[in-house]
Colleague: 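So that we are looking at the same thing, I have put the structure below in structure tokens.
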4 protein chains.
Amino acid sequence: MIRAGILGGTGYAGIETVRLLLRHPEVKIERIVSQSYAGKKIAEVYPNLMGICDITCSALDIDDIAKSCDVVFTALPHGASKEVIPALYDKNLKIIDLSGDFRYRDVKVYEKWYGQEHSDPELLKKAVYGLCELHRDEIPHTRLIGNPGCYTTCSIMGLAPLVKAGVVDNRSLIIDAKSGVTGAGRGLNLPNLFCECTETMKAYKVATHRHTSEIEQELSLLAGEEIILSFTPHLAPMKRGIFATCYANLKKAYTTGALLELYRTFYKDEKFVRIYPEGSLPEVKHVSGSNYVGIGLTVDPRLNRVIVISCIDNLMKGAAGQAVQNMNLLFHLPEDTGLTEAGMYL
Amino acid sequence: MIRAGILGGTGYAGIETVRLLLRHPEVKIERIVSQSYAGKKIAEVYPNLMGICDITCSALDIDDIAKSCDVVFTALPHGASKEVIPALYDKNLKIIDLSGDFRYRDVKVYEKWYGQEHSDPELLKKAVYGLCELHRDEIPHTRLIGNPGCYTTCSIMGLAPLVKAGVVDNRSLIIDAKSGVTGAGRGLNLPNLFCECTETMKAYKVATHRHTSEIEQELSLLAGEEIILSFTPHLAPMKRGIFATCYANLKKAYTTGALLELYRTFYKDEKFVRIYPEGSLPEVKHVSGSNYVGIGLTVDPRLNRVIVISCIDNLMKGAAGQAVQNMNLLFHLPEDTGLTEAGMYL
Amino acid sequence: MIRAGILGGTGYAGIETVRLLLRHPEVKIERIVSQSYAGKKIAEVYPNLMGICDITCSALDIDDIAKSCDVVFTALPHGASKEVIPALYDKNLKIIDLSGDFRYRDVKVYEKWYGQEHSDPELLKKAVYGLCELHRDEIPHTRLIGNPGCYTTCSIMGLAPLVKAGVVDNRSLIIDAKSGVTGAGRGLNLPNLFCECTETMKAYKVATHRHTSEIEQELSLLAGEEIILSFTPHLAPMKRGIFATCYANLKKAYTTGALLELYRTFYKDEKFVRIYPEGSLPEVKHVSGSNYVGIGLTVDPRLNRVIVISCIDNLMKGAAGQAVQNMNLLFHLPEDTGLTEAGMYL
Amino acid sequence: MIRAGILGGTGYAGIETVRLLLRHPEVKIERIVSQSYAGKKIAEVYPNLMGICDITCSALDIDDIAKSCDVVFTALPHGASKEVIPALYDKNLKIIDLSGDFRYRDVKVYEKWYGQEHSDPELLKKAVYGLCELHRDEIPHTRLIGNPGCYTTCSIMGLAPLVKAGVVDNRSLIIDAKSGVTGAGRGLNLPNLFCECTETMKAYKVATHRHTSEIEQELSLLAGEEIILSFTPHLAPMKRGIFATCYANLKKAYTTGALLELYRTFYKDEKFVRIYPEGSLPEVKHVSGSNYVGIGLTVDPRLNRVIVISCIDNLMKGAAGQAVQNMNLLFHLPEDTGLTEAGMYL
């Protein structure tokens, strides 16, 4: 059995990781680290785990983690991750970091978008960006995964086939993304109160959201040229889900069918990618609670523009699910081990 | 492998049964019968099943079901169930009926509360009421299970220990129950539109809801005397969940602790029952998506009255989950096979 | 024009008072006092007021309030209210206090249920409990109103006719109440986060909620004997609304129709009370956004028990609406001035 | 008093019109016509009107309408409107049509996008497109208003200043719009059930929604050249609201401040338009329940693209509110009569 520890295990991404590892047939959770709840049973913090998980949350103790675990999931706020990860890495652990700290190829991009110096640029170089469908081959060769963001996973997977094939004007890319409220985390912020965010909708960090840089990094890699694009995040009154509506101008005329064929080829053999047939599009509830990505598209022949819809569950393929997928790759398990649930339509 | 068929597989209880059987290690779904969607792939009706379930819905064909299946789940409206079940029963199938048609010991009670004659009272006698925690021993000896209602499971389990122990005034029982909207099914009824039932709450069928008779039947059995009680169903703006607040006058003074001890004893060794410690109470999100029942209570010493809170997921322990639990018992499998998921706090 | 000030104007009850006073034809808001937002425009805190209200929030200045206002609404947490109200009272202002500090006839009841000493028991004696339908005659003779709580208004109005008429066993009263989340206020508490309270339901402060004592005070007054009762508050995933399901054993047999007649008589000429015809019951969305109270009932002849459903908007008739109704009475205006809106079904 | 009739008064747009006219100081509702509820009191269909509106719904009777009313609001499905409106027009009534039937300058555009012949192209020529802020001067000279759609009002108002000023590439316009579920009406359609549309999000009619043609008509008029654009409608789990995120490439570099100044100038003296200061953006709850339009914007200097956020309440400024605004103009009343409510933040 793989022995796992989760740091920041009582946040929303952390507890989703716990939930997934509890049902993973090859994993035993050894430690759940939580600053706020150290000494408290996890089943008291999340009573859905009563009778299922008897672990008591502990304070951070690197040596103890090193002795007890083979893999560590760090579900800490960015900034905090990069302080603790070097020490964990030195202990020879495998690390899957759910923050933004180890996702960048170029430390300057990180420092520009995150507004802080990176404390360990050397370690950053050893990290692999854990978008499994794009970096599957590199992942087994590292011990440090920068697990992608939720918006980014959804957006990149929605646009990758078009960009890779070179069929769109790379200057025309626009991603209009809508997120469920779990994406905002469990922090006590006024805008996340029920009465503040139900029955409404808003945009935030327009043209400045950090995930923009992550999307640009990966699409630029696929394109072989620098891509800059518009990314607009919105908050919608639902718990889970990322829904990305992506716009791109086509270089020449394509039918919806032809582009769908491009997607089917690009994602052939991918277990978690569902390309929708022409005339049908993914919705959040098709993927909610699962690790699947739903992708559909329509060409608007009037404008020679393609509109791609991409959908994930932000806590699953957008965080904990992909983290487990990365762990499976790191430990040479079948990639979908513990991740085959259908998700909850209801 | 147990070969299973689901009748009415595209309703909410039906599709939840499908979802659970898909992940059950000992079951293979052979048929999904649906009047409305015959000929259509189930993954087109519920796209969360894309790539997971390739079955095409079929029209009802008793002979075909008999040949292909060992067990049939009938998730049909009451009335419809009792028309088809006798034919299935004659084919030597095991049947788990999710409607109200085979839940009664006394056909007169059925006919009074359902306002229609029962077409097969003889078969009714062979049926066992499938509340597993109360009728575990009888279940393996039948081929026809009357799977309990959602409100009833939650209410009976909340009050059973008190009634069995004889510590409450049986004339004082009041159950104030709140249900999520999946309980109303997938029918096209105006009150179930999003804009009609979000941001509001209502009571319905006050003092006349059919589940009253089911609760009374089971509690009377436990009490050894006829119990009649108040049951008030409400609709709350959430998808899943039954939340029952139960009131009972105590015959003499008991502490909260003493009554909790009574519950712990009554439900000892029950895998799906969680008795909450004093000072803490179950919430819908503690059981949502799981087969668990959460029960907590408080004694009001001013009035010598106990207030019991009981919580289930109506589609799980209140329908499909309990149906699978019954199947496990019918086939001598460990009772929690395929039912160990923690549920979704988020 | 009546010159009004609101203390605690940026909380949910405070801002609802602002909203109502802005459309009141006889009132001009002169001051909105807010500790947290002093110096900030109210329209920045609540942008629905952009272009409608140009007031800047101010810090508390008793002398300034005294000079600028005729009436003050104090929408402060209990405890805080009783510290500031004596000084306001000395300035000859009329005061409508939305906290629990001036609602009690007996200071000992306050001190027992609120767990703190009352700093001004003499002033408490001068206050009138502002449930207008019950204390209409006393209200114009005071300068200090203890504006009733939301649960209490809904519960008292639902049970008053029965208790006054003496037709029920006063020892049998049970109120099972469900509240929208605005009732929890705007404070940064984990359970009020969207992801914590959507798609779920819970009970809290079972048998110990402070509003119990307020309900008991008023029903005892009506009964002419001491009443103690069960009150169970629940939180439901909606913004507005109190929905109270009230149970009482009847002393002798009554029909639903006879009891409805009792209610119609008790509430005859009441502008804000709607008694539902037999067979029909109020829902939250019938009163949401309005100052109306909806009341319906059903007798269960099997048990000789009556179930009364009472519904209000907690921010309106349960707080700000009733406060304005009290102000109208204090200033000898028609009681429904500024309060005639139909409410939002949608 | 203006005597008003509402046809289709029990649909969502119809009942919102009723709600607004009930509080309008210069209007008396004389008739509410409803096929489905003829003979039933409107307060039984919408119990929030109990004690407020005593009108009984009637079947359609053109002569009766003609005698009883000065103005008629037709809130019928498109197609149905154009069958009844010519007869009403002949009776010398003023008509405000909330359907799409009388919104087009060019009958061919209607026939192409609505897939049906227009039965009265001559009458269509007499109609004025009732987007008050753009056609204020023409409105008083007609008796037939084509009241704009919800998506269109929000989108046009969000883009009009840019297009009019000629500062954007007209070929680059993209509108990504999100709607509340009331926009789908009160029809019994599976996707509108609570359990189907809560906790999810979807796009629909991508590149083919009829409102596209309406937006294009009006923006082309402002631009003085034909504009075609991308319009993507989405459904979000909320009752009210249109949230449009609009993208446009700038012809040359502009600051956010400069473009905001352009908007402030374009909309100066407009009572219902709120231009947000730099750094702040509208949200649905800022306008919900009101007739206001909230507009904010951000320039992305990296791409020289502007992102405009425009927000309305679809039932108000997107339907009934604007209809009343049109009526005010038709009858030479102050344009905001009966429309000054702040809206519900909560």
Side-chain angles (χ1 to χ4, degrees), chain B residues 171-180 191 195-208 212 228-232 234-243 245 247 249 256 281-288 296-303 305-309 311 344-346, chain C residues 171-180 191 195-208 212 228-232 234-243 245 247 249 256 281-288 296-303 305-309 311 344-346:
Chain B
R171 189 78 187 183
S172 72
L173 306 182
I174 290 174
I175 301 159
D176 190 281
K178 300 88 180 168
S179 173
C195 299
E196 299 291 323
C197 63
T198 196
E199 290 290 316
T200 191
M201 191 136 195
K202 70 171 175 184
Y204 63 101
K205 295 189 187 162
V206 176
T208 60
T212 313
I228 60 172
L229 51 74
S230 287
F231 170 70
T232 314
H234 299 77
L235 206 64
M238 55 190 184
K239 282 190 289 189
R240 289 167 178 256
I242 300 286
F243 188 103
T245 311
Y247 300 86
N249 294 340
T256 297
L281 293 171
E283 306 181 18
V284 166
K285 70 171 175 280
H286 300 176
V287 295
S288 196
L297 63 84
T298 304
V299 170
D300 184 346
R302 300 194 317 146
L303 290 150
R305 190 174 283 153
V306 59
I307 299 102
V308 184
I309 306 293
C311 256
M344 314 284 276
Y345 183 94
L346 294 172
Chain C
R171 188 77 187 186
S172 73
L173 306 182
I174 290 174
I175 301 158
D176 190 280
K178 300 88 179 167
S179 172
C195 298
E196 299 291 323
C197 65
T198 195
E199 290 288 318
T200 191
M201 190 137 195
K202 69 169 176 185
Y204 62 103
K205 294 187 187 164
V206 177
T208 60
T212 313
I228 59 173
L229 51 74
S230 287
F231 170 71
T232 313
H234 299 75
L235 205 65
M238 55 191 185
K239 281 190 290 188
R240 289 168 178 255
I242 300 286
F243 188 101
T245 311
Y247 300 86
N249 293 341
T256 297
L281 293 171
E283 306 182 17
V284 166
K285 70 172 177 278
H286 301 176
V287 295
S288 195
L297 62 84
T298 303
V299 169
D300 184 346
R302 301 194 317 146
L303 291 151
R305 189 175 283 153
V306 59
I307 300 101
V308 184
I309 307 292
C311 256
M344 314 284 277
Y345 182 94
L346 295 172

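Reckoned from all heavy atoms, side chains included, excluding hydrogens, waters and symmetry mates. All of these numbers come straight from a predicted model, not from anything done at the bench. Lettering follows sequence order; numbering is per chain, from 1.
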Colleague: Could you walk me through whether Arg302(B) and Thr212(C) satisfy the side chain to side chain contact (heavy atoms under 4.5 Å, CB included) test, starting with their C-alpha distance in whole Å, then the side-chain angles of each, then the deciding distance to 0.1 Å, before giving a yes or no?
Modeller: CA-CA 12 Å; Arg302(B) 300 194 317 146; Thr212(C) 313; 3.5 Å; yes
Colleague: Which region of Lys178(B), side chain (C-beta onward) or backbone (N, CA, C, O), has a non-hydrogen atom less than 4.5 Å from a non-hydrogen atom of chain C, or is it both or neither?
Modeller: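 For Lys178(B), the contact with chain C is made by the side chain alone.
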Colleague: Quick check on Leu173(B) against chain C: is it the side chain, the backbone, both or neither that has a heavy atom closer than 4.5 Å?
Modeller: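 Just the backbone, heavy atoms under 4.5 Å.
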Colleague: Can you tell which part of Ala203(B) gets under 4.5 Å to a heavy atom of chain C, answering side chain, backbone, both or neither?
Modeller: both
Colleague: Taking side chain to side chain donor-acceptor pair (under 3.5 Å) as the test, write out the residues that go with Glu283(B), two or more places apart.
Modeller: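 Listed in chain order: Lys285(B).
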Colleague: So what's closer than 4.5 Å to chain C heavy atoms on Ile228(B): side chain, backbone, both or neither?
Modeller: both
Colleague: Between CG of Leu281(B) and NE2 of His234(C), what distance do you get to the nearest 0.5 Å?
Modeller: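 The NE2 atom of His234(C) is 9.0 Å from CG of Leu281(B), to the nearest 0.5 Å.
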Colleague: What are the two closest heavy atoms between Met238(B) and Pro237(C), and how far apart are they?
Modeller: CB-CG, 4.3 Å
Colleague: About how many Å separate CD1 of Ile174(C) and CD1 of Ile174(B), when rounded to the nearest 0.5 Å?
Modeller: 4.0 Å
Colleague: Side chain, backbone, both or neither: which part of Leu303(B) has a heavy atom under 4.5 Å from chain C?
Modeller: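 Both parts, heavy atoms under 4.5 Å.
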Colleague: Do you know which of Asn249(B), Val299(B), Leu229(B) has the most heavy-atom pairs under 4.5 Å to chain C?
Modeller: Leu229(B)
Colleague: So what's closer than 4.5 Å to chain C heavy atoms on Arg171(B): side chain, backbone, both or neither?
Modeller: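 When you check distances to chain C, atoms from both the backbone and side chain of Arg171(B) fall under 4.5 Å.
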Colleague: Between Ala236(C), Cys195(C), Ser230(C), which shows the greatest number of heavy-atom pairs under 4.5 Å with chain B?
Modeller: Ser230(C)
Colleague: To the nearest 0.5 Å, what is the distance between CE on Met201(B) and OG on Ser288(C)?
Modeller: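 Output value for this atom pair is 14.0 Å.
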Colleague: So which residue, Val284(C), Thr298(C), Asp300(C), Asp176(C), ends up with the most heavy-atom pairs under 4.5 Å with chain B?
Modeller: Asp176(C)
Colleague: Out of Thr245(C), Thr198(C), Ile309(C), Thr208(C), which one racks up the most heavy-atom pairs below 4.5 Å with chain B?
Modeller: Thr245(C)
Colleague: Please rank Val287(B), Thr232(B), Leu346(B) by heavy-atom pairs under 4.5 Å with chain C and give me the top one.
Modeller: Thr232(B)
Colleague: Can you tell which of Ala207(C), Pro282(C), Cys197(C), Gly241(C) has the highest number of heavy-atom pairs within less than 4.5 Å of chain B?
Modeller: Ala207(C)
